[in-house]
Structure formats: C-alpha cells, structure tokens
Amino acid sequence: MKETNVDSRFGVTELEDLPEDLRERIGVIAEKSGFVPNVFRALGHRPAELRAFLDYHDALMERTDGLSKAERELVVVATSGANHCTYCVVAHGAILRIRAKDPQLADRVATNPWQVELDERGRAIVDLALALARKPELFGEADIEAARKAGLTEDEIWDVGAITALFAMSNRLAHLTALRPNPEFYAMGRDQKR
C-alpha cells in the first residue's frame with residue numbers, strides 16, 4: 001500500500017497492489033480513461049468493500065433499460081451537488097458531459113439542481129432524486145406521484161431512488177476520505193459542440 005495524503009486521507013492502493021480480479025476490472029476502466037480514478041485507489045485497501053461497491057454501481061449504472069445512461073449520471077451529479085461532494089460532482093460531471101453531449105449541463109446541475117432548466121422528464125428525475133437525497137424523512141407518495149405524472153415508470157422511479165441511495169453512500173465515503181478528484185476529470189467532455 002502506497003500512502004499519500006494528497007488523494008485520500010487514508011492513503012491509496014495502487015492498481016498493481018490490488019487483488020488480481022480487481023486489478024483486471026479496474027484495469028479496463030483505466031485503459032479506457034487513461035488513468036485510475038482515485039475512488040478505486042482509495043477504496044482499494046478494503047477489497048471486499050470495493051468489489052461490493054463496483055457490483056452495485058455497475059448493476060445500477062450499466063443497465064440498458066429504463067433511464068438512459070445520461071439520465072443516470074444526471075441523478076448522480078444532482079444529488080452529489082446537493083450533498084456538496086466535490087469528488088462525485090467532478091468525476092460524474094465529466095461522465096455526464098460526455099453522455100449528454102453537453103459541456104455545460106453538469107456544471108449547471110451541480111451548482112443549483114433545484115433551479116437548473118431541464119425538460120419535463122429531466123426535471124422530474126432531478127426533483128425525485130433531490131427529495132430523497134435531502135429530506136428523506138419527508139419523502140413519500142407525493143414525490144412518487146409527481147414522478148409518475150411526468151411519465152417515469154415504476155422501474156425508472158426505483159432506479160432514481162437506488163442511484164440516489166448508492167451515491168449518498170459514495171458521497172459520504174468521499175467526505176470521510178477527503179477524496180480528491182483526478183485532474184483528468186476536469187477537462188473531460190468540455191470541448192463538445194452543443
């Protein structure tokens with residue numbers, strides 16, 4: 001384990017020091033992006049937890065039905081912005097810019113998800129996610145019904161809620177570890193023409 005106080009309060013584990021299955025799994029991501037996202041390095045010292053995180057992340061974020069991949073990232077950026085999670089806003093903002101083919105959307109959503117202009121479906125997705133993320137004790141049937149009226153299916157409503165829940169955990173882990181975004185994330189998807 002290589003210790004550093006720059007990227008994580010608890011140090012990081014480099015790709016070559018991970019168990020073989022994780023090395024292969026994260027290696028694919030690193031090859032595609034050109035770098036190892038710091039979240040994997042920070043969680044790497046607890047391989048069982050990293051595996052569980054990756055499995056649930058992939059089950060929610062890589063589904064091909066229901067919400068589009070851009071809509072899934074919209075949930076992450078909106079809730080991470082509301083939760084003031086710099087790592088997730090920067091990392092998933094980059095992914096949202098790429099998947100939505102919009103270099104400005106992620107910044108607008110992250111800075112004020114309550115007021116950003118979105119189409120009716122996007123607004124319903126963000127409002128549902130924010131209701132669950134910010135005041136979960138007040139979340140109820142009215143929030144679900146508003147999403148239904150905007151045309152979200154039961155599976156899509158579940159996806160919004162499950163992604164919101166997963167990233168509430170992820171946001172808290174990023175706060176706990178003082179996780180710093182990789183510099184590469186900041187420029188990704190910004191040179192697109194809208």
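One finds no salt bridge joining Lys135 and Asp143 here, because no Lys/Arg side-chain nitrogen approaches an Asp/Glu carboxylate oxygen to under 4.0 Å. For Arg148 and Glu156, the salt-bridge test fails: no basic side-chain N is under 4.0 Å from an acidic carboxylate O. Using a cutoff of 4.0 Å between basic side-chain nitrogens and carboxylate oxygens, Asp17 and Arg23 are not scored as salt-bridged. Using a 4.0 Å cut-off between charged nitrogen and carboxylate oxygen, Arg190 and Asp102 do not count as a salt-bridge pair. Checked for salt-bridge contact, Arg123 and Glu117 miss the test: no charged N lies under 4.0 Å from a carboxylate O. A salt bridge links Glu71 with Arg121: the closest approach of a Lys/Arg side-chain nitrogen to an acidic carboxylate oxygen falls below 4.0 angstrom.
Pairs of residues two or more places apart, or lying in two chains, never qualify as salt bridge (charged side-chain N to carboxylate O under 4.0 Å, His left out) while including a residue from residues 77-93.
Going from atom CZ of Arg108 over to atom CG of Leu96 covers 9.5 Å, rounded to the nearest 0.5 Å. If you take CG on Leu132 and CD1 on Ile163, they are separated by 11.5 Å, rounding to the nearest 0.5 Å. Separating the CZ atom in Phe40 from the CD1 atom in Ile29 is a distance of 4.0 Å, to the nearest 0.5 Å. If you take CG on Asp7 and CG on Asn182, they are separated by 7.0 Å, rounding to the nearest 0.5 Å.
Arg134 contributes a side-chain N or O that, together with a main-chain N or O of Ala82, makes up a donor-acceptor pair within less than 3.5 Å. Counting only distance, with no hydrogens or angles, the side chain of Asn38 and the backbone of Arg41 share no donor-acceptor pair below 3.5 Å. No donor-acceptor pair under 3.5 Å is formed between the side chain of Asn171 and the backbone N or O of Cys88. A donor-acceptor pair under 3.5 Å is formed between the side chain of Arg97 and the backbone N or O of Met188. Without hydrogens or angle criteria, Tyr186 side chain to Val90 main chain gives no donor-acceptor distance under 3.5 Å. Formation of a donor-acceptor pair under 3.5 Å by the Thr79 side chain with backbone atoms of Thr164 is not found in this model. A donor-acceptor distance shorter than 3.5 angstrom exists from the side chain of Asn112 to the backbone of Trp114, with no hydrogens or angles considered. One N or O on the side chain of Arg9 and one on the backbone of His175 form a donor-acceptor pair closer than 3.5 Å.
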Query raised in the report: Stepwise, does the side-chain contact (heavy atoms from CB on, under 4.5 Å) test hold for Val77 with Leu105?
Result: CA-CA 10 Å; Val77 173; Leu105 179 62; over 6 Å; no

Requested in this report: Kindly indicate, with the supporting measurements, whether the criterion side-chain contact (heavy atoms from CB on, under 4.5 Å) is fulfilled by Asp21 and Arg51.
Outcome: CA-CA 9 Å; Asp21 66 310; Arg51 280 185 199 96; 2.6 Å; yes

Query raised in the report: Passes side-chain contact (heavy atoms from CB on, under 4.5 Å), Lys69 versus Ile95? Steps please.
Result: CA-CA 9 Å; Lys69 288 190 175 193; Ile95 299 168; over 6 Å; no

Query raised in the report: Which is it for Phe139 and Leu128 under the side-chain contact (heavy atoms from CB on, under 4.5 Å) test, yes or no, and what are the steps along the way?
Result: CA-CA 9 Å; Phe139 187 86; Leu128 182 65; 3.6 Å; yes

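For Glu141, the CD atom counts as densely surrounded, since its 6.0 Å shell holds more than 12 non-hydrogen atoms of other residues, nucleotides or ligands. Around the CD atom of Glu20, the shell of radius 6.0 Å holds no more than 12 heavy atoms that belong to other residues, nucleotides or ligands.
Inter-residue side-chain proximity for Leu54 and Leu22 is flagged as met; some heavy-atom pair is nearer than 4.5 Å. Looking only at side-chain heavy atoms (C-beta outward), Thr86 and Pro181 come within less than 4.5 Å of each other. Taking the side chain as every heavy atom from C-beta outward, His45 and Leu50 never approach each other to under 4.5 Å. By the 4.5 Å heavy-atom criterion applied to side chains, Ile26 and Leu15 are counted as neighbours. Arg63 has its side chain out of reach of Asp58: every pair of non-hydrogen atoms, C-beta onward, lies at least 4.5 Å apart.
Checked against the 6.0 Å centroid threshold, Phe167 and His92 count as a close aromatic pair.
Of all heavy-atom pairs spanning Thr13 and Gly44, the tightest one is OG1-C, 3.6 Å. Minimum heavy-atom separation, Ala42 to Leu179: CB-CD1, 3.6 Å. The shortest heavy-atom contact between Tyr87 and Val39 is OH-N, 3.2 Å. Across all their heavy atoms, Ala168 and Asn83 have their closest contact at CA-ND2, 4.4 Å. Closest heavy-atom contact between Val89 and Gly81: CG2-N, 3.5 Å. Minimum interatomic distance between Met61 and Val76 (heavy atoms only, all atoms of both residues): CE-CG2, 3.6 Å.
Clustering ILVMFWY residues whenever any of their side-chain heavy atoms sit less than 4.5 angstrom apart, transitively, puts Met169 in a cluster other than the one holding Trp158.
The ring-ring contact (aromatic ring centres under 6.0 Å, His included) test applied to Phe185 returns Phe35, not counting sequence neighbours. For Arg72, the side-chain hydrogen bond (donor to acceptor under 3.5 Å, both in side chains) partners at least two apart in sequence or on another chain are Asp159.
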